[in-house]
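A short worksheet on the structure shown next.
In what follows, chains carry the letters A, B, and so on, assigned in the order in which the sequence lines appear, proteins first and then strands, with residues in each chain numbered from 1. Nothing here was measured: the structure is a model prediction, and the numbers come from that model.
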Amino acid sequence: MSQAREAACDRDRGCITCSDEGVLLRVVGSGIDGLTVCADAEGRLAEVNVDLIDGVAEGDVLLVHAGVALVRVGGPEKSLA
Amino acid sequence: MKFVDEFRDADLGRVLAAQIVATVEPGRHYKVMEVCGGHTHTIYKYGVDDLLPTNVELVHGPGCPVCVIPMGRVDDAISVARRPEVIFTCFGDMLRVPGSNGTLLEAKAEGADVRMVYSPLDALRIARQNPGRDVVFFAIGFETTAPSTALTLMRARAEGIANFFCFCNHVTIVPPLRALLESPDLRLDGFIGPGHVSTVVGARPFEFIPKDYGKPVVISGFEPLDVLQSVYMVLCQLAQGRCEVENQYTRVVPYDGNPRALQALSEVFELRPHFEWRGLGFISQSGLRLSSAYGAFDAELRYTVPGIRVADPKACQCGEVLKGVIKPWECKVFGTACTPERPIGTCMVSSEGACAAYYNYGRFARERQVV
């Protein structure tokens with residue numbers, strides 16, 4: 001379930017550790033342990049903690065950093081590209 | 001609305017570049033610091049600086065948490081990782097940061113159980129799966145990353161997990177900015193503020209920069225047009241005699257940040273009296289440690305660590321790079337003894353470190369021709 005986060009850790013896309021790196025993911029469903037399953041623009045999946053955001057729904061676009069969604073940036077109409 | 005493609009449009013970039021040229025005074029030299037390593041990465045990946053007039057200089061700030069970790073903290077981490085009962089977990093970049101006697105990756109090669117994770121939640125999962133071992137997470141990062149650590153510790157406490165510990169190296173962004181502004185050897189005209197840190201803390205914490213130091217701040221996104229537009233907005237403020245905090249990244253950053261994240265941070269962490277930053281020395285109230293309520297998860301309370309301050313290698317000039325005093329290519333070992341494959345300094349380790357960004361995108365070759 002860490003494919004999307006793994007993709008964020010390379011030379012061209014930066015490293016998850018670093019300061020301000022965040023990735024845009026779309027909510028696709030519920031995961032285990034109270035986590036939420038999200039997908040990146042290429043369809044790779046990641047489990048995300050959405051405890052910091054109210055009312056997250058399927059299709060929402062979230063800014064995710066180190067496995068935690070920090071802000072909801074749009075709904076289903078928003079593109080990840 | 002799109003979030004990426006529209007902010008990489010070359011034609012719009014040329015329009016912005018022309019507006020910048022029309023805004024600057026030809027006889028004046030402008031120094032604008034991009035605080036965040038993510039911006040540095042964007043600038044050199046996309047050649048944003050090539051679109052700027054020669055009298056607009058971008059100075060790279062201390063906003064890469066890997067780059068500001070002092071060697072002594074790496075030594076402390078390795079001493080914990082070598083303990084036989086410990087599974088030591090950390091993000092990928094930290095594995096290659098040299099301490100005074102090797103890296104975490106070398107400790108792993110020598111038998112230490114060091115594992116790379118992509119989130120502290122992954123480390124907590126390892127703790128659940130290994131109840132007979134201590135699982136230590138190397139927590140690092142600014143306010144963007146700290147909420148992830150905080151939520152993980154809150155979850156560990158709620159679940160009663162007793163074998164999960166945090167070696168906390170989280171830092172905060174405002175104190176080093178104040179230290180830079182107080183530095184006599186650095187004259188800056190304005191700042192490009194950190195976008196994703198601001199999703200957590202908001203724009204308000206940066207208001208001291210225009211208020212106390214008379215410098216404009218523009219909080220910026222991370223696509224090339226974001227950075228270019230932010231440079232333009234800083235220059236516009238200077239041209240119009242304005243001085244304020246502006247938010248270029250409104251599609252993501254709320255002015256007041258994320259109150260729930262701030263609440264989590266205040267519950268789990270407290271400020272250290274001082275914390276050492278590579279190149280900047282000890283800065284008061286710039287680092288976080290676990291609060292007393294979470295002391296049972298604090299690796300520094302569970303284990304004895306050397307805690308020795310270690311001087312940087314003499315040849316390494318990361319400190320001057322982090323303060324923006326020199327460009328990466330001006331360091332004596334840049335691209336020769338110090339490369340991303342065999343880094344001496346932290347700025348060459350992280351993909352968002354200024355030295356690695358210069359090196360990876362071939363900027364050193366052009367800069368050397370200029371010299």
Side-chain angles (χ1 to χ4, degrees), chain A residues 1-26 31-36 38 40-42 44-56 61-81, chain B residues 1-6 35-39 41-42 45 63-67 90-94 116-122 125 140-142 144-145 147-152 154-155 173 194-200 222 251-254 257-258 260-261 264 340 350-353 356 360:
Chain A
M1 277 297 184
S2 62
Q3 294 169 27
R5 281 172 278 158
E6 193 168 359
C9 200
D10 63 31
R11 191 190 87 169
D12 287 334
R13 297 182 63 173
C15 176
I16 196 167
T17 315
C18 291
S19 57
D20 243 2
E21 187 62 31
V23 291
L24 292 173
L25 301 178
R26 187 183 302 284
I32 57 172
D33 295 333
L35 301 177
T36 296
C38 298
D40 69 6
E42 284 82 42
R44 289 170 294 201
L45 302 178
E47 285 178 333
V48 174
N49 184 322
V50 299
D51 289 351
L52 298 180
I53 305 173
D54 280 326
V56 171
V61 174
L62 310 175
L63 180 79
V64 177
H65 181 86
V68 168
L70 296 177
V71 64
R72 177 186 178 276
V73 294
E77 76 286 358
K78 303 292 184 186
S79 167
L80 288 179
Chain B
M1 178 188 173
K2 293 186 174 182
F3 284 98
V4 176
D5 294 350
E6 290 175 356
V35 173
C36 172
H39 291 141
H41 188 254
T42 295
K45 179 177 179 180
C64 164
V66 173
C67 301
C90 68
F91 295 135
D93 280 9
M94 276 312 303
M116 185 172 75
V117 294
Y118 297 97
S119 158
L121 288 167
D122 294 340
R125 190 174 297 122
I140 182 173
F142 286 92
T144 330
T145 324
S148 182
T149 305
L151 289 184
T152 303
M154 292 165 81
R155 185 169 282 225
I173 194 67
H196 292 160
V197 163
S198 302
T199 62
V200 175
F222 293 87
R251 68 187 187 278
V252 171
V253 173
N258 184 326
R260 197 176 291 183
S350 162
S351 60
E352 295 187 4
N360 285 331

Checklist line | side-chain contact (heavy atoms from CB on, under 4.5 Å) partners for Thr199(B), two or more places apart | finding: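 side-chain contact (heavy atoms from CB on, under 4.5 Å) check on Thr199(B) returns Leu63(A), Leu70(A), Val71(A), His196(B), Val252(B), Val253(B).
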Next item on the list: Could you pull out all residues at least two apart from Asn49(A) that satisfy side-chain contact (heavy atoms from CB on, under 4.5 Å)?
Entry: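 So Asn49(A) forms a side-chain contact (heavy atoms from CB on, under 4.5 Å) with Leu35(A), Asp51(A), Val68(A), Leu121(B), Leu151(B), Arg155(B).
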Item checked: Nearest non-hydrogen partners of Thr145(B) and His65(A), listed with the distance -> OG1-NE2, 2.8 Å
Checklist line | Exercise: identify the closest heavy-atom pair between Ala66(A) and Ser148(B) | finding: O-OG, 2.6 Å
Margin query: Let me confirm one number: the CZ-NZ distance from Arg251(B) to Lys78(A), rounded to the nearest 0.5 Å.
Written below: 10.5 Å
Next item on the list: Quick one: pull up CG in Asn258(B) and CZ in Arg72(A) and give me the separation to the nearest 0.5 Å.
Entry: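 So the gap between those two atoms works out to 13.5 Å.
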